[in-house]
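As structure tokens, the structure follows; a few thoughts come after it.
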Amino acid sequence: MKKNRAQERLDEQLSAYIDGALSPRERARLEKQLAADPALRARLEALRQTVMLVRGLPPVRAPRNFLVTPSMVSRPARPIPWARRLAPALSFATAISAILCVVLLVANFLPERSEPQMAAPLPSAYSGGGTPVSTEAPIGIAPLSQITPQAFKAPSLNVTESATETPAPAIQAASGSDLETPSMIESAPTGLGEGGGAGGIGGDTGGGGYFPPGAERSTGEISVTSALIGEEALSSPQATPGGPIPTLLAPEVSIAGEEIPSTPVEGTPVPMGPSGPGLLSPTLVTAAGMAMLTALLTIITIRAWRAH
Amino acid sequence: MDEPRLIAAARSGDLDAFNELVLAYQDRVFNLAYRILGDPAAAEDAAQDAFISAYQHLSTFRGGSFLSWLLRTVANRCYDELRRQKRRPVVSWESFGEMDEEANPFLINGQPTPEETAQESELTDLLQAAIATLPPDQRVVLILSDIEGMDYAAVAATVGIPVGTVKSRLARARARLRDFLQTRGELLPSTYRPENEA
């Protein structure tokens, strides 16, 4: 194979040499080679004779006249194939299909507004005097009004409205509380414990704070005597991002002096999975179908335009 | 023949003016078609179609040599025909020995001696058979260059390939013809036998 390639290159040079198509440098180099190589000279001579033979081929005469007649050049009007007639409509349909496909794809991947997660609404008994207590609570925990006193022994718990995503009544701790430091909440639900005014968990006894068990607040304020942090939940971490989600029990809540029996209500841990369009959302499926239709129409349209 | 006037008249629909051009160039056109295709019948069809196409597309002629434009048209047509064909041309090596001048009435020659006539006929047939063994791309380039006398640039423009490709295809075509003739050198007239390699 190498020898053939080298011979091809050599023949190409010899052929160009016969035609006078080599550069002066190439010609000089080849002539030097020819002078030193008799076989190369013989090869050149054989090629030259072949070219002369071909160039010497006698011309042939036309066996007849090839005059052009009017009938040859004037073709009858051929009916336009049906495919060709449909081509404009097919083009329009293809364009519409493509636009719809794009619109569906864009709509499918538009970011959805994340809505705040809602916890279970408060029982009506906790609303106290007919005034509904805000049922909104930070993500991942039950409303503060549902916190029971049994197990939550935080020395202070500053939970202000600003600290939570949803308005919750302020909880103020009495000074001099001798409450034990509770176990840390390993995973602070969103809105609670993240910066803000929730720094009181586990340590802060100033300012706002936490009521010791039995303490009652004045009218208009909700007293939270205690809150139970599900120790079971802390000791057995759940497979949730960031650690176990605390299970909070409903507290004893007294509003305007009323004592309301505590009713443990387990807060429902809210899954914090990602939200967004599912992989098989109807829009995506429709877009995929439109894409296939567009491809099919494109093929048909191209064939229709090519029909003749 | 006033070629520009005839072309202008043909462009405006004067078929008689165009046919004057046909009569002037049909031998060259047929010769090219015959050398490429190797079959007289196929060459006739190609030549006729080339003239019809040339009349219908006169508006694409941009000036220059009208003959070159015609040859370009028929060469492309023959090239397309070769690519479609799956068979070899009629002139085959097996029928070479049976052919004589009577079998090839298209030859145009002077007044040679009978021996010269026979030799020339044998040579022509042998060369035509040799050309028929070339691949279509090499065959067209060889004929346009060595039979029609086009330079590399004109061949490149006619076939639509780079000049470098013309050079390489031409060289390969010539080398193959050389090898073909050397293997059958004993059948060549003595005058035309190429020298053997040393």
Side-chain angles (χ1 to χ4, degrees), chain A residues 3-23 26-27 30 33-76 78 308, chain B residues 15 18-19 22-23 26-31 34-35 40 43-44 47-48 50-52 54-56 104-109 120 123-124 126-128 130-131 142-143 145-147 149 151-152 163 167-168 170-182 188 192-198:
Chain A
K3 188 181 175 184
N4 288 340
R5 188 75 188 115
Q7 283 183 349
E8 281 183 7
R9 279 200 298 267
L10 192 56
D11 284 335
E12 194 169 324
Q13 279 205 316
L14 294 176
S15 176
Y17 180 70
I18 291 171
D19 293 333
L22 287 178
S23 66
E26 289 172 329
R27 186 174 66 242
L30 181 62
Q33 282 179 280
L34 288 167
D37 188 352
L40 188 60
R41 288 200 299 271
R43 194 178 181 90
L44 171 65
E45 193 54 35
L47 194 65
R48 194 195 301 271
Q49 284 200 0
T50 302
V51 173
M52 297 308 295
L53 285 173
V54 175
R55 288 179 178 174
L57 275 173
V60 295
R61 179 171 287 166
R64 61 174 180 83
N65 290 330
F66 294 101
L67 300 176
V68 178
T69 62
S71 60
M72 292 178 184
V73 294
S74 60
R75 300 174 188 172
R78 297 165 69 179
H308 60 276
Chain B
L15 201 51
F18 182 77
N19 281 327
V22 171
L23 291 173
Q26 63 184 6
D27 288 335
R28 294 286 296 274
V29 168
F30 179 79
N31 179 63
Y34 175 72
R35 292 302 179 197
E44 281 188 49
Q48 184 68 76
F51 281 121
I52 294 172
Y55 178 77
Q56 291 174 331
N104 195 355
F106 306 128
L107 286 181
I108 302 172
N109 46 39
E120 191 173 340
L123 177 62
T124 298
L126 178 62
L127 285 172
Q128 188 61 44
I131 291 172
L142 176 83
I143 292 170
S145 173
D146 290 344
I147 297 180
D151 58 18
Y152 291 173
V163 170
K167 278 184 176 179
S168 61
L170 183 61
R172 286 202 298 271
R174 288 170 171 175
R176 284 181 74 140
L177 287 183
R178 177 199 60 201
D179 298 340
F180 180 92
L181 295 174
Q182 283 180 338
L188 276 175
Y192 301 105
R193 286 177 193 169
E195 294 179 7
N196 292 326
E197 288 182 334

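Lettering of chains follows the sequences in order, A, B, ..., and the numbering in each one begins at 1.
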Fill in: Audit row: B/Tyr152, A/Asp19, side-chain contact (heavy atoms from CB on, under 4.5 Å) steps and yes/no
CA-CA 10 Å; B/Tyr152 291 173; A/Asp19 293 333; 2.4 Å; yes
Worksheet item: Yes or no on side-chain contact (heavy atoms from CB on, under 4.5 Å) for B/Val29 and A/Phe66, after CA distance, side-chain angles and deciding distance?
Response: CA-CA 10 Å; B/Val29 168; A/Phe66 294 101; over 6 Å; no
Fill in: Pair A/Ser15-B/Arg174, side-chain donor/acceptor within less than 3.5 Å
yes
Worksheet item: Which pair of heavy atoms, one from B/Arg35 and one from A/Pro58, lies closest together, and at what distance?
Response: NH2-O, 2.6 Å
Discussion item. Does either side chain, that of B/Gln48 or that of A/Arg64, offer a donor lying less than 3.5 Å from an acceptor on the other one?
Written reply: yes
Practice prompt. Give the member of B/Ala173, B/Ser168, B/Ala54 that has the highest number of heavy-atom pairs under 4.5 Å with chain A.
Written response: B/Ser168
Discussion item. Please identify, among B/Ala50, B/Ala43, B/Gly149, B/Ala47, the residue contributing the most non-hydrogen atom pairs under 4.5 Å to chain A.
Written reply: B/Ala47
Practice prompt. Please state whether the side chain, the backbone, both or neither of B/Phe18 comes within less than 4.5 Å of a heavy atom of chain A.
Written response: side chain
Response to the item:
Closest heavy-atom pair, B/Leu15 versus A/Thr69, reported as atoms and distance to 0.1 Å, is CD2-C, 3.6 Å
Response to the item:
Here the gap from A/Arg55 atom CZ to B/Ser145 atom OG, rounded to the nearest 0.5 Å, amounts to 6.0 Å
Discussion item. To check you understand the geometry: which heavy-atom pair defines the closest contact between B/Asn19 and A/Val68, and what is its length?
Written reply: OD1-N, 2.8 Å
Worksheet item: Given A/Leu57, which of B/Ile143, B/Thr124, B/Asp146 fulfils the side chain to side chain contact (heavy atoms under 4.5 Å, CB included) condition?
Response: B/Thr124
Item to complete: First locate atom CG of B/Leu177, then atom OG1 of A/Thr50, and finally report the distance between them rounded to the nearest 0.5 Å.
Response: 6.5 Å
Practice prompt. Using the test salt bridge (charged side-chain N to carboxylate O under 4.0 Å, His left out), find all partners of B/Arg28 that sit at least two apart in sequence or belong to another chain.
Written response: B/Glu148
Worksheet item: Given the rule in the side-chain contact (heavy atoms from CB on, under 4.5 Å) test, do A/Asn65 and B/Val22 qualify, once you have shown the distances and angles that lead to the verdict?
Response: CA-CA 8 Å; A/Asn65 290 330; B/Val22 171; over 6 Å; no
Worksheet item: Using a cut-off of under 4.5 Å for heavy-atom pairs, which of B/Leu23, B/Asp151, B/Leu170 has the most such pairs with chain A?
Response: B/Leu23
Worksheet item: Is the backbone N or O of A/Val60 less than 3.5 Å from a side-chain atom of B/Asn31, with the two atoms forming a donor-acceptor pair by type?
Response: yes
Discussion item. Evaluate A/Asp11 against B/Arg178 for side-chain contact (heavy atoms from CB on, under 4.5 Å), listing each step before the verdict.
Written reply: CA-CA 11 Å; A/Asp11 284 335; B/Arg178 177 199 60 201; 3.3 Å; yes
